[in-house]
2 protein chains.
Amino acid sequence: MARPRTFDEERALDAAVWAFWVKGYEATSTQDLCSATGLGRSSIYNTFSSKHELFTRALARYMDVMTAGQVAVLEQAERPVMERLRALFDVVIDGEFERRVEGRSVGCLTVNTTVEIAGRDPEVAALLARDLERRLASFRGVIEAGQRAGEISTARDADSLARFINAVIGGMRVSAQGGADRAVLESVADTALVALSC
Amino acid sequence: MARPRTFDEERALDAAVWAFWVKGYEATSTQDLCSATGLGRSSIYNTFSSKHELFTRALARYMDVMTAGQVAVLEQAERPVMERLRALFDVVIDGEFERRVEGRSVGCLTVNTTVEIAGRDPEVAALLARDLERRLASFRGVIEAGQRAGEISTARDADSLARFINAVIGGMRVSAQGGADRAVLESVADTALVALSC
DNA sequence: CGGGTTTTAGATAGATCAGTACAAAACTTG
DNA sequence: CAAGTTTTGTACTGATCTATCTAAAACCCG
């Protein structure tokens with residue numbers, strides 16, 4: 001065998017996630033990534049091959065963690081569906097106010113990446129599409145349960161409502177990045193929830 | 001006097017708007033801007049001083065045009081409020097499907113800029129905030145009219161509903177950039193409109 | 001038509017970019 | 001402890017970035 005690494009790959013990845021999250025892909029230099037991770041250039045390139053590959057790995061990790069968290073909230077079968085959806089919105093809102101830089105939310109790396117580079121990077125677009133499907137499937141699941149339980153209107157099919165929820169969450173994240181305060185986001189969430197029952 | 005310009009400043013600005021719209025601020029090089037506008041570097045720098053100033057002017061122009069268009073739709077006092085709001089959503093949706101590159105929507109420059117650079121550029125953030133206020137004021141106006149006319153629920157104040165509309169539009173634009181088709185966006189819009197009446 | 005002024009083209013500057021080369025350091029295993 | 005292998009720090013490469021410099025071209029007005 002040989003010399004072992006002195007750093008933890010997952011921790012480095014987490015640091016890279018944060019760097020890309022705050023500044024976006026283009027504005028984050030490889031030097032920024034060295035500073036953020038505490039690694040030298042050699043270690044970064046030896047481990048992750050390129051800035052682009054480090055980004056896709058960081059994005060994949062972000063999506064895994066975030067989507068798993070949201071799905072977990074929605075799978076609490078013992079709670080009423082509307083309560084679970086409210087809990088989902090609360091997770092989103094709390095996140096927007098926990099993760100801030102210079103008084104502003106950093107938003108959501110998924111949304112940020114969709115906006116910044118999905119249009120001109122098919123590989124990234126495919127990663128985002130896969131994550132979107134996973135989230136939509138989860139949303140659909142609860143909504144169907146809610147419809148069976150009579151909590152959610154059956155005037156619209158579950159897929160449409162799932163996509164509505166997804167769009168509202170995206171809009172809330174953009175609003176947060178635009179400076180919206182907590183009361184605004186909570187009100188947006190409330191209004192969206194009302195829409196589901198009618 | 002002296003040698004006159006051989007180009008139209010507004011047309012150059014429109015070309016710059018499109019360049020920034022498609023690729024974002026960071027990924028658009030000054031060379032890209034020369035190609036897009038058809039101007040030489042000297043003309044660009046002579047006229048707009050810097051990439052950053054060209055961007056702020058392009059953004060301001062975009063916001064003027066877009067917001068004016070949306071406000072105009074909402075000010076058709078002879079139509080019912082819900083019809084006007086539906087027309088607003090239609091304008092948004094049509095825009096998402098008119099402005100595409102390689103099969104994908106380029107979204108909205110306001111949203112794109114909020115996500116990409118508002119957090120680390122106070123000057124840009126201020127421009128965006130001003131435009132947001134203008135749009136919210138317009139949204140509030142119609143919503144109040146709708147509430148007086150009994151078309152829109154008074155369970156929520158007009159400002160909250162205005163911000164809800166704004167968030168949903170932002171979410172629709174992100175969804176479009178993420179690949180959503182027309183039926184999805186129309187369904188999201190329908191669902192949002194339903195929320196206003198209950 | 002010529003003096004004064006501005007625009008324009010093209011070369012250039014200096015910084016920074018992503019990525020590589022290379023050798024020293026650090027560790028495992030025999 | 002020594003051979004073999006990988007990591008790591010640093011210097012470097014060539015490309016590209018924003019911005020400027022210089023001088024010729026183009027135009028208006030007297």
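In this text the structure is predicted, and so the values were computed from the model without any measurement.
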Participant: Starting from B:Val65, walk the hydrophobic network (Ile, Leu, Val, Met, Phe, Trp, Tyr; side-chain heavy atoms closer than 4.5 Å) and list everyone else you reach, by chain and number.
Facilitator: none
Participant: I'd like the 5' and 3' limits of the part of DNA chain C contacted by chain A, with heavy-atom contacts below 4.0 Å.
Facilitator: C:dC17 to C:dT29
Participant: Return the set of residues passing side-chain hydrogen bond (donor to acceptor under 3.5 Å, both in side chains) with A:Ser29 (not counting sequence neighbours), or none when no residue passes.
Facilitator: A:Asp32
Participant: Enumerate donor-acceptor pairs with a distance under 3.5 Å from any side-chain N or O in residues 42-50 of chain B to protein atoms, sequence neighbours excluded.
Facilitator:
residue, atom, partner, partner atom, Å
B:Thr47, OG1, B:Ser43, O, 2.6
B:Ser50, OG, B:His52, N, 3.4
B:Ser50, OG, B:Glu53, N, 3.0

Participant: Between B:Thr28 and A:Asn46, name the one whose nearest nucleotide on DNA chain D is closer to the 5' end.
Facilitator: A:Asn46
Participant: Provide, to the nearest angstrom, the distance between the CG atom belonging to A:Asp8 and the C1' atom belonging to D:dT7.
Facilitator: 16 Å
Participant: Scan side-chain atoms only and decide if B:Gln147 and B:Thr154 contain a donor-acceptor pair under the 3.5 Å cut-off.
Facilitator: no
Participant: Would you indicate what B:Ser50 reaches in the nucleic acid, counting non-hydrogen atoms under 4.0 angstrom: base, sugar-phosphate, or nothing?
Facilitator: sugar-phosphate
Participant: Hey, can you pull the donor-acceptor pairs under 3.5 Å for the side chains in residues 135-145 of chain A, sequence neighbours left out?
Facilitator:
residue, atom, partner, partner atom, Å
A:Arg135, NE, A:Asp131, OD2, 3.1
A:Arg135, NH1, A:Asn166, OD1, 2.7
A:Arg135, NH2, A:Asp131, OD2, 3.1
A:Arg140, NH1, A:Asp159, OD1, 2.9

Participant: Between A:Tyr45 (OH) and D:dA11 (P), how many Å, whole number?
Facilitator: 18 Å
Participant: Show which residues join A:Val194 in its hydrophobic cluster (side-chain heavy-atom contacts under 4.5 Å, direct or indirect), or state none.
Facilitator: none
Participant: Please report the distance, rounded to the nearest Å, between CZ in A:Phe7 and P in D:dT7.
Facilitator: 8 Å
Participant: For every nucleotide of nucleotides 24-30 of chain D, 5' to 3': is a protein heavy atom under 4.0 Å from its base (B), only from its sugar-phosphate (S), or from neither (-)?
Facilitator: -BBBBS-
Participant: Output all residues satisfying salt bridge (charged side-chain N to carboxylate O under 4.0 Å, His left out) with B:Arg104, sequence neighbours left out; order by chain, then residue number.
Facilitator: none
Participant: Contacts to DNA chain D from residues 30-44 of chain B, heavy-atom cutoff under 4.0 Å, which residues?
Facilitator: B:Thr30, B:Arg41, B:Ser42
Participant: How are the rings of B:Phe55 and B:Phe20 set relative to one another: parallel (under 30°), tilted (30 to 60°) or perpendicular (over 60°)?
Facilitator: perpendicular
Participant: List for me each residue that meets salt bridge (charged side-chain N to carboxylate O under 4.0 Å, His left out) alongside B:Arg120, sequence neighbours excluded, and say none if there are none.
Facilitator: B:Glu26
Participant: Taking only residues two or more places apart in sequence, or in another chain, which ones meet A:Pro80 in a side-chain contact (heavy atoms from CB on, under 4.5 Å)?
Facilitator: A:Glu83, A:Glu151
Participant: For B:Arg41, which residues count as a side-chain hydrogen bond (donor to acceptor under 3.5 Å, both in side chains) partner, sequence neighbours excluded?
Facilitator: B:Thr30
